[in-house]
Protein chains: 2
Amino acid sequence: MREVFHQALEDIQNRLVEIAELVTVAIDKATIAFENGDVALAEEVIADDVRIDELALSVDELAIDTLAMQQPVARDLRIIVSALRTSASLERMGDLAEHIAQLARSRFPERAIPKGLKSTFVKMGKLDVEVARTLVELLRTQDLAYAAQIRDADDVIDELHATVYEKVLSEAFAGDASHVIDAALASRYHERFGDHAVSIAKKIVYLATGDWTGSADPEIEVVDRTPGV
Amino acid sequence: MREVFHQALEDIQNRLVEIAELVTVAIDKATIAFENGDVALAEEVIADDVRIDELALSVDELAIDTLAMQQPVARDLRIIVSALRTSASLERMGDLAEHIAQLARSRFPERAIPKGLKSTFVKMGKLDVEVARTLVELLRTQDLAYAAQIRDADDVIDELHATVYEKVLSEAFAGDASHVIDAALASRYHERFGDHAVSIAKKIVYLATGDWTGSADPEIEVVDRTPGV
């Protein structure tokens with residue numbers, strides 16, 4: 001029985017790693033499409049999101065089957081519940097990559113990247129890709145050092161997110177209203193992408209440290225508490 | 001054993017209703033604060049969100065305990081997994097109300113509501129409150145007619161969301177960049193609020209109709225697939 005449970009757990013973990021890899025490809029392509037106004041690449045990201053959604057659904061089905069058939073308790077139970085949460089966060093990260101691709105497509109043939117913000121968005125895009133890659137390693141190895149790296153990268157993304165608003169509101173900003181909307185939304189999508197990765201990392205830290213409520217590591221901040229602007 | 005399971009299920013349902021009621025109060029106050037630039041009301045929403053987060057966590061703990069102790073299978077298992085998802089969506093709806101309140105606070109003493117968009121945001125706010133109230137009734141009664149009402153109201157919210165971008169991009173729009181940011185973010189928060197309610201409604205429909213994968217009612221659309229703009 002224990003053997004069967006561990007096999008199921010390994011299957012779930014492998015699928016989560018596979019989804020995280022697809023999310024990494026999606027955010028990489030989406031940020032390049034957004035920066036270069038590459039509509040063909042944007043279309044690819046949008047089309048490929050279906051696969052992420054399907055895989056996330058398959059993880060949920062496998063997790064529910066495992067709950068039904070293996071009846072895990074204590075830490076094993078929390079690992080399965082955590083996998084359900086992780087699949088939802090990964091699916092949402094795929095959606096955010098898709099939203100960035102949709103922004104690139106919606107402004108074509110103009111570039112979606114607002115004037116004067118190119119270097120900021122290039123940095124945010126690189127950090128989002130780095131966060132996704134680190135998340136793959138964290139899910140694969142369960143090495144908590146990766147969780148700290150994700151948190152650190154997310155802090156920088158949050159700082160860049162704040163500077164986007166500052167730049168758009170400065171008198172030097174040359175863009176029009178459509179550039180302001182693109183900047184506000186794209187920056188928000190980049191920032192939420194990092195938040196979801198931190199949320200997953202936090203769950204893995206809690207499973208390792210045994211504290212489910214969130215007080216174990218005060219440095220790992222509660223997600224979804226990002227201010228509105 | 002069956003008796004104990006049903007008691008646990010009732011406890012979980014009652015707490016979900018309680019959270020939905022708090023979310024209704026939060027979105028009602030947040031939209032009024034945003035429309036009137038009422039910073040005191042905004043502060044209330046921000047302070048009260050802690051209670052929503054605590055209750056959502058308590059539902060999760062109760063659901064996990066029920067899984068461990070009652071070892072439900074088949075439909076009972078899916079009801080518990082669905083409760084975990086519902087608590088996460090309700091918690092997120094509370095966050096979105098808080099984000100709208102934060103927008104109101106951040107622009108004080110100016111009103112956050114962008115010029116020329118007052119009537120649109122008043123309509124969106126009312127629809128969000130209506131959606132939250134209907135969600136309370138759906139969670140309380142499990143009457144699927146409420147699910148259809150939520151979906152219909154969300155369709156109107158989506159239409160209003162699209163008109164916000166149109167208005168901001170029109171030549172008649174008199175606001176500056178900060179108004180454009182406020183409009184883009186606030187509209188997005190209102191729209192996501194409706195999406196989460198539809199997501200919860202969809203789960204309840206699936207539990208009632210027995211189709212977990214989402215193909216039972218093609219009219220209930222998959223959420224989180226809203227376009228980026």
Side-chain angles (χ1 to χ4, degrees), chain A residues 49 53 57 60-61 63-65 67-69 71-74 76-78 80-81 84-85 88 91-92 94-96 98-107 164-165 168-171 173 175-186 188-189 212-214 222-229, chain B residues 46 49 53 57 60-61 63-65 67-69 71-74 76-78 80-81 84-85 88 91-92 94-96 98-107 112 164-165 168-170 173 175-186 188-189 212-214 222 224-229:
Chain A
D49 190 56
D53 294 348
L57 196 63
D60 294 353
E61 287 299 321
I64 289 170
D65 287 350
L67 287 173
M69 289 191 288
Q71 308 278 355
V73 293
D76 288 347
L77 172 58
R78 282 166 193 266
I80 302 293
V81 171
L84 283 166
R85 293 260 158 87
E91 196 257 329
R92 191 76 199 122
D95 285 344
L96 290 163
E98 189 188 9
H99 288 347
I100 293 169
Q102 283 167 325
L103 273 182
R105 188 177 63 175
S106 70
R107 299 287 179 242
V164 168
Y165 291 125
V168 166
L169 294 175
S170 76
E171 292 193 9
F173 186 70
D176 61 15
S178 75
H179 292 114
V180 175
I181 292 180
D182 285 350
L185 291 178
R188 171 97 184 138
Y189 297 150
W212 184 255
T213 60
V222 176
V223 236
D224 291 349
R225 326 245 77 258
T226 51
V229 291
Chain B
I46 294 162
D49 189 56
D53 294 349
L57 196 63
D60 294 353
E61 287 300 321
I64 290 170
D65 287 350
L67 287 173
M69 289 191 290
Q71 307 278 355
V73 294
D76 289 345
L77 172 58
R78 282 166 193 266
I80 302 292
V81 171
L84 283 165
R85 292 262 158 87
E91 196 255 331
R92 190 76 200 121
D95 285 345
L96 289 163
E98 190 189 10
H99 288 347
I100 293 169
Q102 283 166 326
L103 272 181
R105 187 177 64 173
S106 69
R107 299 287 180 244
V164 168
Y165 292 125
V168 166
L169 294 175
S170 77
F173 186 70
D176 60 16
S178 74
H179 292 114
V180 175
I181 292 179
D182 285 349
L185 291 179
R188 171 97 184 139
Y189 297 150
W212 184 256
T213 60
V222 177
D224 292 348
R225 326 245 74 256
T226 51
V229 289

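Throughout, a chain's letter reflects where its sequence line sits, starting with A, and its residues are numbered from 1.
The shortest non-hydrogen separation linking Val180(A) to Ala177(B) is CG1-O, 3.7 Å.
If you take CD1 on Ile181(B) and CD1 on Ile181(A), they are separated by 10.5 Å, rounding to the nearest 0.5 Å. The NE2 atom of His99(A) sits 4.5 Å away from atom CZ of Arg188(B), with the distance rounded to the nearest 0.5 Å.
Residues passing the side chain to side chain donor-acceptor pair (under 3.5 Å) test with Asp176(A) are Ser178(A), His179(A), sequence neighbours excluded. Residues meeting the side chain to side chain contact (heavy atoms under 4.5 Å, CB included) test with Ala88(A), sequence neighbours left out: none.
In terms of heavy-atom pairs under 4.5 Å with chain B, the best-connected choice from Ile100(A), Leu169(A), Ile80(A) is Leu169(A). In terms of heavy-atom pairs under 4.5 angstrom with chain A, the leader among Leu96(B), Asp76(B), Leu84(B) is Leu84(B).
Contact of Leu77(A) with chain B is made through the side chain alone, with heavy-atom distances under 4.5 Å.
Contact annotation: the side chain of Val81(B) never approaches that of Asp60(A) to less than 4.5 Å [non-hydrogen atoms, C-beta and beyond].
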